[in-house]
Protein chains: 2
Amino acid sequence: MRFETSTIKDIAKALGLSTSTVSRALRDRYEISEETKKLVLAYAEKVNYRANPIARSLKERRSYSIGIIVSEIANNFFSQVINGIESIAYDRDYHVIISQSHESYKQEKLNVEHLASRSIDGLLIALSSETQDIDYLRNLYAKGLPIVFFDRVPEDFETHKVIANNFKGSFDATEHLILSGKRTIAHLTNSENLSITKERLEGYKAALTKYHIEFKPELVKYCQHGGMHSAELEQAVKELLPLNPDGIFISSDRLTTGCIMALKKTNPEIVHKIAIAGFTNSNLVELFSPSLTSVKQPAFEMGQVATELLISMIEAKRSVTEFETKVLDTELVKMVKR
Amino acid sequence: MRFETSTIKDIAKALGLSTSTVSRALRDRYEISEETKKLVLAYAEKVNYRANPIARSLKERRSYSIGIIVSEIANNFFSQVINGIESIAYDRDYHVIISQSHESYKQEKLNVEHLASRSIDGLLIALSSETQDIDYLRNLYAKGLPIVFFDRVPEDFETHKVIANNFKGSFDATEHLILSGKRTIAHLTNSENLSITKERLEGYKAALTKYHIEFKPELVKYCQHGGMHSAELEQAVKELLPLNPDGIFISSDRLTTGCIMALKKTNPEIVHKIAIAGFTNSNLVELFSPSLTSVKQPAFEMGQVATELLISMIEAKRSVTEFETKVLDTELVKMVKR
DNA sequence: AAAAAGTGTGCAAACGTTCCCAAAAACGTC
DNA sequence: GACGTTTTTGGGAACGTTTGCACACTTTTT
């Protein structure tokens, strides 16, 4: 059972031309007479010729495909990023291969290496919350694989990066809680490894400082697995509640929803007494109870920018040495009182 | 800037063997002496040899990749299906290419044709809500592309299909509303084209009949775009409210969340007075206000089953003539009173 | 001791492209 | 009409694999 289709050879034979001529006509390259070009194009159209991308890839030693690694696609932030990536990639005639790390370092490495062996032309990656050792990425990069990081970026890796203004996003959210009268504001966040964790913690601290509220380390809880296991969230919540916070600032999509669920489960009464602000791109926030203040990242745009940078690296004639870190602004969506 | 790696040729040269021998050793095929096999394997390991899948694809005329078309990945039902698909595909050494139709027929067709030209070995597809004409799929199928439908399947297309027990799911949900005392139950559903729309409507009707409630066509509202545009939802809600429903049964993920939002927007008071039951695989239902009764589909399993069927078709020696339609049971998650 | 069977290896073609190089055709110029 | 120049075309190698076939060598059979 095989999938049959006509090739350049078939066209050449049918038209009494050589494959080189047909190839040139189709690709509109080099010197080729208008006449034969039209002839070939017309015939190709007629037999519904589709170039075999595999043969082309083999010859050109590139696949016109880019790999994406996110922790999971069932996360509005990431799926919006992916939409942004696709919007650019398809325009530029690349296709994308999406892989999920499920916040596991092992899975992430496996996926990346699988993609690399699949001859992707470049990689877009947001690190898993477990990832600390990125040597395997360095190796691939050194061998010539273009890589652009987004959202969760490593510090010491010279390449393009695209992130949100995490400091400001956190600052704004925390400030919002303070301005609505909260004073004991907990902070629930991701693994300490992640860039976003550090930056968001700084924003939180800065807001406290501005309003002369003492920073208390015990009010900060880290979740090693990024909230993939409900147990870790429940544990964190259980440790926080005795400190009587009147507000919580949460630093990622998955954590935000997970934390509210954990709160509901642990103490259904308290959940409406604590003000919640968190990073999330969920398009369902309006349905949530309790309602919350959310920090929305420009996810779609982030995907677009990252893809543009990646494609520029892929298509660069000589190796790139000037790298950018693009910082995009977040948006604070204040809780609606009901 | 190119990505370099060692080939079978390099190994052959280094070891003083022919490429055929190396190939056979690596693939563990045919007669080959234990000795040379070990030698080759050891060397390959040492230089970290990775077979070039593109060359292999070209030679074998298959790509070891399967295409997936869903309406959108930012939908828990579909992302769970995708997880199921991946779980099987990766095991069997296939990789997957995901495309989104965004409920648009044009986009769906474009994506499918793009995938086909990318030499996928098979296709898993849930039709878009706009799709009526599937001749383009028939053509590809006739040319030898294996196709398995899931969730949204066409009636008149002889191939494997995997669906949920939509009739029973709807019946259960509607019955639940009736048993909790509702008598004027509206039904908000997808485009009439879709198989799921018909089946779910039948389940809804059957439940009404069982409890001797008259079926009123005006209580059924169809959404042509599957709830992709909030306008169509608001319109539907506006038309329904004057009929004073005391319950609504909604027939898909996107519609369920969209409908609640539209209700909230149109009439924030009423939303807590109408009982809602709907198909959704959202893992955030517990956070929703108002809370609702949900029909959960076995999405992960659906992905798994569909993938197994597809791979069996791909790897079949002779063309398959016996087709199955697998029906998986849904689960009713009753609203928790609070 | 010769024939037959079995085992391991290499040669070379093929998959469908692209593109360098050379050959052929068309055209100008003297 | 001979020559150079330009334009168009074809031949064929290459990309990295897999695999049918042939060959050489070894072992078994008669």
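Each chain gets a letter, A, B and so on, in the order the sequences are listed, and its residues count up from 1. Fair warning: this is a prediction, and the values are worked out from it, not measured in the lab.
- Phosphate proximity of dT18(D) to Arg56(B): present, with a side-chain N or O under 4.0 Å from OP1 or OP2.
- Distance Leu15(A) CG to dG10(D) C1': 15 Å, rounded to the nearest Å.
- Taking atom CD1 of residue Ile11(A) and atom P of nucleotide dG10(D), one finds them 14 Å apart after rounding to whole Å.
- For DNA chain C, the residues of residues 34-43 of chain B within the heavy-atom distance limit of 4.0 Å (strictly under) are Thr36(B), sorted by number.
- With dC15(D), dT18(D), dG10(D) as the choices, the nucleotide that has an atom nearest any side-chain atom of Thr19(B) turns out to be dT18(D).
- Closest contact between the side chain of Thr21(A) and the listed nucleotides dG10(C), dT18(C), dG10(D) involves dG10(D).
- Atom NZ of Lys59(A) is separated from atom C1' of dT17(D) by 15 Å (rounded to the nearest Å).
- Side-chain N/O atoms of Ser23(B) include one lying less than 4.0 angstrom from OP1 or OP2 on dT18(D).
- The nucleotide whose nearest atom lies closest to any side-chain atom of Lys9(A) is, among dT17(C), dT9(D), dT17(D), dT17(C).
- Ile8(B) has its CD1 atom 19 Å from the P atom of dA14(C), to the nearest Å.
- Atom pair Arg24(B):CZ and dG8(C):P shows a separation of 11 Å (rounding to whole Å applied).
- Each of Ser18(B) and Asn52(A) was assigned the nucleotide of DNA chain C with the nearest heavy atom; the assignment lying further toward the 5' end belongs to Ser18(B).
- Residues passing the side chain to side chain contact (heavy atoms under 4.5 Å, CB included) test with Glu35(A) are Ser33(A), sequence neighbours excluded.
- Atom OH in Tyr49(A) sits roughly 10 Å away from atom P in dG16(C) (whole-Å rounding).
- Taking the six-membered ring for Trp and the full ring otherwise, the centers of His114(A) and Tyr90(B) sit less than 6.0 Å from each other.
- Annotation: side chain of Ile125(A) is not in contact with side chain of Phe150(A) (no heavy-atom distance under 4.5 Å).
- Considering only the side chain of Thr7(B), dT17(D) comes nearest among dT17(D), dC15(D), dC11(C).
- For Ser33(B), the side-chain atoms get nearest to dT9(C) when compared with the rest of dA14(C), dT9(C), dG16(C).
- When the C1' atom of dT17(D) is taken as reference, atom CZ of Arg62(B) falls 15 Å away, rounded to whole Å.
- Aromatic ring pairs are classed by plane angle as parallel below 30°, tilted from 30° to 60° and perpendicular above 60°; the pair Tyr64(B) and Tyr94(B) is tilted.
- In terms of the side chain to side chain donor-acceptor pair (under 3.5 Å) criterion, residue partners of Ser18(B) (sequence neighbours excluded) are, by chain and number, Ser20(B), Thr21(B).
- The aromatic rings of Tyr141(B) and Phe323(B) sit tilted, their planes meeting at an angle between 30° and 60°.
- Taking only side-chain atoms of Arg61(A), from C-beta outward, the nucleotide of dG10(C), dC15(D), dT17(D) with the closest atom is dC15(D).
- For the pair Arg138(A) and Tyr136(A), the NZ or CZ position fails the cation-pi test of under 6.0 Å to the six-membered ring centre and within 45 degrees of the ring normal.
- Contacts of Ile54(B) with the nucleic acid, taken as non-hydrogen atoms under 4.0 Å apart, are absent.
- Rounded to whole angstrom, the span from the CG atom of Leu58(A) across to the P atom of dT18(D) amounts to 12 Å.
- With respect to the salt-bridge test (charged N to carboxylate O, under 4.0 angstrom), the residues Arg92(B) and Glu308(B) do not qualify.
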